[in-house]
Amino acid sequence: MQHYRPRICPFHELLPIVPKGASVLDVGCGSGIFLGLLHHFKHDVHGLGFDASRVAIDCATSMAQTRGGGRLRFQHIPKDQPWPGGQFDVVSMLDVLHHIPRTFQERAFKSAVERVAPGGVLLYKDMSDRPWHLAWANRAHDLVVAREWIHYVPIATVERWASEAGLQLESSGSFQMLWYMHDLRVFRRPAMP
């Protein structure tokens, strides 16, 4: 399935945002495709990805061992366990929030924000809740593939959470790929004076 993901996810928009040599924390990394693509396209990143799925992390770890050049690491972290500590140049949260129950979405977002280093970036991309027919197409996809009922977060809510946490909106965009609509936001934590 990961072979087809670049056809429905705008990785071509995400990859240029990550500076070469950056330290990257990929929240909910799945099988590690984003960090793998960064490595493949010579971004020379030091990446740490984590996910609650043991199967996905096993796949990511296998990829890192054969193609990661020792710069990519992956951890299985169950949903009720703490995330990795520290701060990173880039924290990516790609297609994660809509899979989290509503009561935990804001806390998960703010946990990602806490790991953005001064001057660093939070790279947020998730499925859009509009237009309604594309949102329903994605909902059907997640019912079939992930076997779960998803919970969209309106992009205005994400922007408000980021602002309340002290991040500045640097760029925004929406992208349709086939019948999937994506919202992309790049937030920056101000550098220390």
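Because only heavy atoms are used, hydrogens play no part in the values below, and waters and symmetry mates are left out as well, while side chains stay in.
Heavy-atom minimum distance, Val91 versus Ala112: CG1-O, 3.8 Å. Minimum interatomic distance between Glu13 and Ile17 (heavy atoms only, all atoms of both residues): O-CD1, 3.4 Å. In plain terms, the two heavy atoms of Arg71 and Val45 that are nearest each other are CB-O, 3.4 Å. Closest approach of Val90 to Pro19, counting heavy atoms only: CG2-CD, 3.9 Å. Nearest approach of Asp95 to His99, heavy atoms of both residues: O-CD2, 3.3 Å. Taking each heavy atom of Leu72 and His39 in turn, the nearest pair found is CD1-CB, 4.0 Å.
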Inset, instruction - List the steps, then state whether side-chain contact (heavy atoms from CB on, under 4.5 Å) holds for Asp58 with Phe74. - result: CA-CA 8 Å; Asp58 288 347; Phe74 296 95; over 6 Å; no
Inset, instruction - For side-chain contact (heavy atoms from CB on, under 4.5 Å), just list the numbers for Asn138 and Trp179, CA-CA rounded to whole Å, side-chain angles, deciding distance to a tenth of an Å, and then say yes or no. - result: CA-CA 8 Å; Asn138 181 66; Trp179 51 88; over 6 Å; no
Legend entry - Check against side-chain contact (heavy atoms from CB on, under 4.5 Å), Arg185 and Leu122: CA-CA 8 Å; Arg185 297 296 183 270; Leu122 174 64; over 6 Å; no
Inset, instruction - Could you walk me through whether Val18 and Val24 pass the side-chain contact (heavy atoms from CB on, under 4.5 Å) test, one step at a time? - result: CA-CA 8 Å; Val18 178; Val24 181; 3.9 Å; yes
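Tracing side-chain contacts under 4.5 Å through hydrophobic residues (I, L, V, M, F, W, Y), one reaches Val116 starting from Leu169; they form part of the same cluster. Leu48 and Leu35 end up in different hydrophobic clusters when Ile, Leu, Val, Met, Phe, Trp and Tyr side chains are linked at under 4.5 Å. Hydrophobic clustering keeps Tyr152 apart from Ile155 (ILVMFWY residues linked when any side-chain heavy atoms are closer than 4.5 Å, directly or through intermediates). Follow the hydrophobic side-chain contacts under 4.5 Å out from Met93 and you never reach Phe11; the two are in separate clusters. Under a hydrophobic clustering in which Ile, Leu, Val, Met, Phe, Trp and Tyr are joined whenever their side-chain heavy atoms come within less than 4.5 Å, directly or via other members, Leu178 and Leu134 fall into the same cluster.
For the atom pair CG of Asp51 and NZ of Lys79, the computed distance is 9.0 Å after rounding to the nearest 0.5 Å. Note that the CG atom of Leu97 and the CE atom of Met127 stand 13.0 Å from one another [nearest 0.5 Å]. Between the CG atom of Leu38 and the NZ atom of Lys20 there is a distance of 9.5 Å, given to the nearest 0.5 Å. In this structure, CG in Asp80 is found 10.0 Å from CZ in Phe104, a value given to the nearest 0.5 Å. In this structure, Tyr124 OH and Leu184 CG are separated by 10.5 Å, a value rounded to the nearest 0.5 Å. Phe34 CZ to Leu15 CG: the interatomic distance, rounded to the nearest 0.5 Å, is 5.5 Å.
Within a 6.0 Å sphere centred on CZ of Arg160, heavy atoms belonging to other residues, nucleotides or ligands number more than 12. Other residues, nucleotides and ligands contribute more than 12 heavy atoms inside 6.0 Å of the NE2 atom of His12. Within a 6.0 Å sphere centred on CZ of Arg147, heavy atoms belonging to other residues, nucleotides or ligands number 12 at most. At most 12 heavy atoms of other shown residues, nucleotides or ligands fall within 6.0 angstrom of atom NZ in Lys42. In Lys110, the NZ atom is crowded: over 12 heavy atoms of neighbouring residues, nucleotides or ligands sit closer than 6.0 Å. No more than 12 heavy atoms of other residues, nucleotides or ligands shown are found within 6.0 angstrom of CZ on Arg73.
Judged by distance alone, the side chain of Arg189 and the main-chain N or O of Val113 form a donor-acceptor pair under 3.5 Å. Put simply, the side chain of Gln105 gets close to the backbone of Ile100: a donor and an acceptor are under 3.5 Å apart. In terms of modelled atom types and a separation under 3.5 Å, the side chain of Gln81 and the main chain of His76 share no donor-acceptor contact. Panel note: side chain Ser31, backbone Ala56; no donor-acceptor pair is recorded below 3.5 Å. In this structure, Gln176 contributes its side chain and Met181 its backbone to no donor-acceptor pair below 3.5 Å. Remark: side-chain polar atoms of Gln87 are not paired, donor with acceptor, to backbone N or O of Asp89 under 3.5 angstrom. A distance-only check finds a donor-acceptor pair linking the side chain of Arg139 to the backbone of Ile150 [under 3.5 Å]. Judged by distance alone, with hydrogens and angles left aside, the side-chain atoms of Ser163 form no donor-acceptor pair with the main-chain N or O of Glu159 at under 3.5 Å. At distances below 3.5 Å, not a single donor-acceptor pair connects side-chain atoms of Thr157 with backbone N or O atoms of Val153. The backbone N or O of Met63 lies less than 3.5 Å from a partner atom in the side chain of Thr66, making a donor-acceptor pair.
The shortest distance between side-chain heavy atoms of Ser174 and His182 does not fall below 4.5 Å. The shortest side-chain heavy-atom distance between Phe50 and Pro84 falls under the 4.5 Å cut-off. Side-chain contact between Asp183 and Asp126: absent, with no pair of heavy atoms (C-beta onward) separated by less than 4.5 Å. Contact annotation: the side chain of Leu123 approaches that of Leu14 to within less than 4.5 Å [non-hydrogen atoms, C-beta and beyond]. Residues Met177 and Pro10 have side chains in contact (heavy-atom distance under 4.5 Å, counting atoms from C-beta outward). Side chains of Glu148 and Leu143 form no contact here, defined as non-hydrogen atoms less than 4.5 Å apart. Using a 4.5 Å heavy-atom cutoff, the side chains of Val121 and Ser92 are not in contact. No side-chain heavy atom of His98 sits less than 4.5 Å from a side-chain heavy atom of His151.
In summary, the aromatic rings of Phe88 and His46 are positioned with their centroids too far apart to meet the 6.0 Å limit.
The aromatic rings of Phe109 and Phe187 lie perpendicular to each other, with more than 60° between the two planes, well past the 30° mark. Ring planes of Tyr180 and His141: perpendicular class, angle over 60° (limits at 30 and 60°).
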